[in-house]
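A short worksheet on the structure shown next.
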Amino acid sequence: MYKVAISGLNNTDNPAPGIPVAKSLKDDCSLIGLSYDTNEPGNYQNMVEKVYLMPYPSLGFDELRNRLEYLKEKENITSIIPNLDAELPLYIKYQNEINNMGIRLCLPSNENFELRNKNRLDKLSQSLNITYPKTYEISSISELEKIIDDENLEFPIMVKGNYYKAYKAENLESAKESFNKISVEWGFPILIQKVVFGEEINLVGVGDGKGELKGAVAIKKLTTTDIGKIWTGITIQNEKLMQIAKNFVKLTSWKGPFELECMVNMQNIYMIEINPRFPAWVYFATDIGINLPKMVVDIMYEKDIEPQLIYPSNKMYVRVVDEFVTDFTDFIKLLSTKEL
Amino acid sequence: MNVNAASGMGQMTQMQIINQLILDENNMAFHPMMGNSYQLNGIGKEVINLLKQYKTKNEILEQLSNEYNISKDELFIDISDFISKLKIYGLYN
């Protein structure tokens, strides 16, 4: 049985994909959890055999390598599925070094990772023949004011970080506030984007690194939380979106999981974002017969897999609140020894 | 009757879009490409079924007028309004 380490155990109201990935793999793999905080609920859900605290990605690769060497020796993990935006740049940049440690990964190349950065998504969207909302890159408040004047931009506009965070601004004051909030937390550049009116649709998929889309499921979010996380959703059969996913994987030879976020209206379909990881709703796909995390494991271990792109319509995803009681000694143990 | 690359529907025609609507016994119409559901009444469901059979508005008026023994003039506003709504929702052109 493969020993797979999984990160993203933060199973809160802003859920990470780790626990859904673990649920998808628990029957086929031996699982180790990689956590960044003793408060992550997934540490205590007994979905993984052991949990290890990891160094924050901001500490750099040396710290990560030391921890992975320890994990390799202690648990003999043979592969990792990193599920968090903040850690992906390190895993992607140093994937050869990690492979050389005897740990398999299924990740896109650094070049592909950067290709889907929000400030480059217009070029990629052009190549995929899909519209990308007009976007301006800025680094100061004066540039923000200038672009709004020069381009006659009408509010509302989207103010986005290059990597994370996006706010809708209804006026200049609120745009400045969003600019400051994002730049303090995530740095520059800041992207100013015309708002696209329509309905959001999403697709989760896995590319094999050779240009073939191995599995995908498209959904529409029916209800979301205040921070936009899916609460209920439904499978959709959107040929255009599926074709975009196939073209994206073929064009880039994308390896590993990805999520397409698009908006559709009566005029067009717009690319909004490509996430280089599973979304937290990935278990929706697993439960309707498309086990994408399992595909990632199979790709890592070079197994032949048949594409799975057909799934039932009208399946509804429902997220629920759950609770359980555990021993506080587990919390203390994880805090003091960094393992549980 | 070509549709724009609109609504993620590619080169599909509006007639095909209405043909994709799944109608159930509770008069719900489900659009599988967008994940949208619409609550209809019995007549609305019947009109969609007739549009799926490529009937024109006049043919639909004729058929419903005979079926329910109501004048075509009386039906005209309701049916036109319903078809307009289908257009607004991008389900028919």
Side-chain angles (χ1 to χ4, degrees), chain A residues 125-126 128-132 196-204 216-224 230-248 260-272 281 284 288 309-318, chain B residues 1-42 44-54 56-57 79-93:
Chain A
S125 300
Q126 260 176 25
L128 294 169
N129 204 19
I130 174 172
T131 312
Y132 185 65
V196 175
F197 294 95
E199 298 184 70
E200 182 183 336
I201 54 174
N202 304 71
L203 178 144
V204 58
V217 170
I219 67 146
K220 182 179 170 189
K221 296 174 183 177
L222 295 177
T223 56
T224 60
I230 185 169
W231 201 258
T232 56
I234 190 168
T235 51
I236 59 169
Q237 308 285 344
N238 194 303
E239 289 166 31
K240 174 89 175 170
L241 183 59
M242 189 62 84
Q243 192 57 51
I244 289 166
K246 286 179 186 171
N247 293 348
F248 165 66
L260 301 183
E261 294 183 6
C262 297
M263 293 288 284
V264 288
N265 58 30
M266 293 300 291
Q267 282 76 45
N268 224 331
I269 179 162
Y270 296 86
M271 179 70 77
I272 300 297
W281 52 267
F284 189 7
I288 58 168
L309 303 173
I310 296 168
Y311 52 87
S313 289
N314 239 347
K315 288 292 178 186
M316 187 172 169
Y317 172 81
V318 182
Chain B
M1 267 194 190
N2 277 336
V3 170
N4 34 60
S7 313
M9 295 156 193
Q11 297 304 307
M12 194 162 282
T13 65
Q14 291 285 21
M15 191 57 88
Q16 285 170 318
I17 291 166
I18 201 140
N19 278 332
Q20 283 202 338
L21 287 182
I22 298 164
L23 304 168
D24 75 6
E25 68 279 9
N26 299 312
N27 299 330
M28 289 295 291
F30 176 65
H31 186 197
M33 197 175 250
M34 291 297 297
N36 291 333
S37 296
Y38 305 89
Q39 176 71 66
L40 307 165
N41 61 19
K45 180 178 172 183
E46 203 170 343
V47 171
I48 288 179
N49 272 326
L50 291 168
L51 290 170
K52 283 182 168 199
Q53 295 163 35
Y54 303 100
T56 64
K57 185 157 88 176
I79 299 301
S80 300
D81 183 51
F82 181 70
I83 290 175
S84 296
K85 280 192 177 139
L86 292 177
K87 288 178 184 174
I88 289 167
Y89 288 120
L91 302 172
Y92 186 69
N93 193 7

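So that the names make sense, note that chain A is the first sequence line, chain B the second, and so on, each numbered from 1. Because only heavy atoms are used, hydrogens play no part in the values below, and waters and symmetry mates are left out as well, while side chains stay in. Just so it is clear, the model here is predicted, and its values are computed rather than measured.
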Tell me, for [X] versus chain B, whether the close heavy atoms (under 4.5 Å) come from the side chain, the backbone, both or neither.
X: A:Q237; result: both
X: A:T235; result: backbone
X: A:L222; result: side chain

Problem - Heavy-atom side-chain contact between B:M34 and A:N238 under 4.5 Å - result: yes

Exercise for the section: Mind running side-chain contact (heavy atoms from CB on, under 4.5 Å) on A:L241 and B:M33 for me, showing each step along the way? Expected result: CA-CA 9 Å; A:L241 183 59; B:M33 197 175 250; over 6 Å; no

Exercise for the section: Determine whether more than 12 heavy atoms belonging to other residues, nucleotides or ligands lie under 6.0 Å from atom NZ of B:K57. Expected result: yes

Practice task
Would you indicate whether A:N129, at its atom CG, is surrounded by more than 12 heavy atoms from other residues, nucleotides or ligands within a distance under 6.0 Å?
Solution key: no

Completion exercise
Those residues at least two apart in sequence (or on a different chain) that pass ring pair (Phe, Tyr, Trp, His ring centres under 6.0 Å) with A:F284 are A:Y317

